[in-house]
Amino acid sequence: MENTNTRVDRLEREMDYLETQNPAPPCVEVDDKLVEQQVTKVKEKNKRKYEKLTDCRDMISSIKAMKILKRLGGPKGTWTKDVVAENQKVYVFNGTGQTTLYEFSTGRELAASPGLSRAKHINLPFPWGGTGHTVYDGHAYYVKEGNEFQVIKFDLQNETVVDSAVFPAEDQVPVYGLSPETYIDLSADEEGLWAIYATKENEKNICLAKMDPKTLDIEQMWDTPCPRENAEAAFIICGTVYVVYNTKLPSRSRVQCVYDVSDMVTNEDAPLVYFPKRYGSHSSLKYNPREKQIYAWDDGYQILYKLNMKKKLEV
């Protein structure tokens, strides 16, 4: 049965990818049925207890320091490092619907670069939508612009698409109330690849999914208690999602809701973490587990937040 499900998942991804290469009149009924089957299958998996892949128990204690690296690009975007690779490369997704990914050899090169002139320009085959992108194990993961919410896996070395899959959630809505361009926020931590999203079925709160980075299959999904209203961004550390809130007239951002898939952290356990006052609001927050830092984009500024950490279940 498992092999059959794997073949169905692969067939679905191949169909989605072929449609982008050679558009044909879509068979909407078949596509809807495939998505419904995928959602039903994932819901069955949700009944299982989450099995951690690592022994990571880190959680935030406080923000230790803030460093403004540069002001580069538009008011919204994403910058990040590969959380697995040993190199120091930095990647910049400027804007909310572009096709050019900028690669810098180091953060210092980015800081010293006049604009984007020193970056390697990587042309993506499809424009991205929103700011929910990540880089993991030599691949860029992003959501293709449009209403189909197709996740693209792009090999950064060969500069080719190696896989794609329609995200199996129906009637999606923007995941953060203050960031209407982003419907799915892809994130990576010590445990692997995650997707933060929201649907009309659970419209008030944010949802979370664990993804297989090799196949893009959804392994599990959770409904979190974290509201979408006034949320601006989120990040994940050791399987715990931290949702950051602000106000429509930007003030001090703060972590006001957490959800841990292993039930080791509750909102009562987590400290109320305030970010230093800055320029506007965050359009993206990407955690790097090797550096214990958050890469933030705030009104065109590229900011680093150094974190103080403690262990889960530590009093």
Side-chain angles (χ1 to χ4, degrees), residues 60 63 66 68 71-80 92-98 127-134 142-143 145-147 149 167 169 171-189 194-209 222-237 240-259 267 270-287 294-305 307:
I60 295 180
I63 294 176
M66 178 184 80
I68 301 172
R71 189 174 192 182
L72 177 75
K76 295 192 175 185
T78 302
W79 74 302
T80 188
V92 175
F93 297 80
N94 182 30
T96 59
Q98 305 296 324
W128 64 74
T131 59
H133 335 297
T134 195
Y142 71 96
V143 179
E145 188 176 46
N147 296 325
F149 303 116
F167 192 79
D171 299 323
Q172 291 186 236
V173 294
V175 60
Y176 308 121
L178 298 181
S179 300
E181 303 88 357
T182 301
Y183 283 74
I184 301 174
D185 189 1
L186 301 174
S187 185
D189 71 346
W194 304 83
I196 308 167
Y197 68 102
T199 68
K200 288 184 179 179
E201 182 181 0
N202 191 23
E203 188 171 1
K204 292 185 178 180
N205 291 346
I206 289 169
C207 300
L208 178 66
W222 297 266
D223 295 332
T224 81
C226 301
R228 293 173 53 244
E229 185 178 4
N230 291 329
E232 64 178 10
F235 54 94
I236 299 178
I237 301 176
T240 303
V241 59
Y242 296 79
V243 183
V244 178
Y245 294 84
N246 208 315
T247 55
K248 291 183 179 180
L249 294 176
S251 59
R252 288 189 68 184
S253 300
R254 62 214 176 268
V255 175
Q256 200 168 307
C257 187
V258 301
Y259 179 77
N267 274 320
L272 181 61
V273 176
Y274 278 87
F275 287 80
K277 188 170 177 59
R278 311 160 329 279
Y279 304 97
S281 63
H282 299 110
S283 64
S284 65
L285 296 166
K286 300 298 175 182
Y287 174 67
I294 293 173
Y295 286 68
W297 191 292
D298 173 17
D299 196 25
Y301 289 88
Q302 290 70 52
I303 299 175
L304 288 170
Y305 294 111
L307 304 178

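The basis for the numbers below is simple: all heavy atoms, side chains too, and nothing from hydrogens, waters or symmetry mates. All figures in this text were calculated on a predicted structure; none of them were measured in a lab.
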A.B. asks: Go through the structure and list residues passing disulfide bond (SG atoms under 2.5 Å apart) with Cys226, not counting sequence neighbours.
C.D. replies: Cys257
A.B. asks: What distance separates Asn202 CG from Arg228 CZ, expressed to the nearest 0.5 Å?
C.D. replies: 9.5 Å
A.B. asks: Nearest 0.5 angstrom please: Ile206 CD1 to Glu229 CD, how far?
C.D. replies: 11.5 Å
A.B. asks: Atom OG1 of Thr78 and atom NE2 of His282: how far apart are they, to the nearest 0.5 Å?
C.D. replies: 12.5 Å
A.B. asks: Between Trp79 and Phe93, does the ring-ring contact (aromatic ring centres under 6.0 Å, His included) criterion hold? Intermediate values first, please.
C.D. replies: CA-CA 6 Å; Trp79 74 302; Phe93 297 80; over 10 Å; no
A.B. asks: Work out which heavy atom in Ser179 is nearest to a heavy atom in Pro174; give both atom names and the distance.
C.D. replies: O-CB, 4.3 Å
A.B. asks: Could you point out which residue of Tyr259, Tyr305, Phe235 forms a ring-ring contact (aromatic ring centres under 6.0 Å, His included) with Tyr242?
C.D. replies: Phe235
A.B. asks: Please name the pair of heavy atoms, one in Gly74 and one in Trp297, separated by the smallest distance, quoted to 0.1 Å.
C.D. replies: O-NE1, 3.1 Å
A.B. asks: Within the side chain of Gln98, is there an N or O that forms a donor-acceptor pair under 3.5 Å with the backbone of Thr96?
C.D. replies: no
A.B. asks: State, without any angle test, whether Asp171 and Thr199 hold a side-chain donor-acceptor pair at a distance under 3.5 Å.
C.D. replies: no
A.B. asks: Looking at every heavy atom in both Gln172 and Phe149, which two are closest together, and how far apart are they?
C.D. replies: OE1-CD1, 3.6 Å
A.B. asks: Check step by step if ring-ring contact (aromatic ring centres under 6.0 Å, His included) holds for Phe167 and Tyr197.
C.D. replies: CA-CA 10 Å; Phe167 192 79; Tyr197 68 102; 5.0 Å; yes
A.B. asks: List the atom of Ser283, the atom of Thr131, and the distance in Å for their closest heavy-atom pair.
C.D. replies: O-OG1, 2.7 Å
A.B. asks: Output every pair passing salt bridge (charged side-chain N to carboxylate O under 4.0 Å, His left out) with a member in residues 172-189, not counting sequence neighbours, ordered by first then second residue.
C.D. replies: Lys76-Glu181, Asp185-Lys286
A.B. asks: List the atom of Leu272, the atom of Val255, and the distance in Å for their closest heavy-atom pair.
C.D. replies: CD1-O, 3.1 Å
A.B. asks: Considering non-hydrogen atoms only, spot the tightest contact between Ala195 and Ile184 and give its length.
C.D. replies: CB-CG2, 4.0 Å
A.B. asks: Can you list everything that forms a salt bridge (charged side-chain N to carboxylate O under 4.0 Å, His left out) with Asp299? Sequence neighbours excluded, please.
C.D. replies: Arg71
A.B. asks: Atom OG in Ser187, atom OH in Tyr287: separation rounded to 0.5 Å?
C.D. replies: 10.5 Å
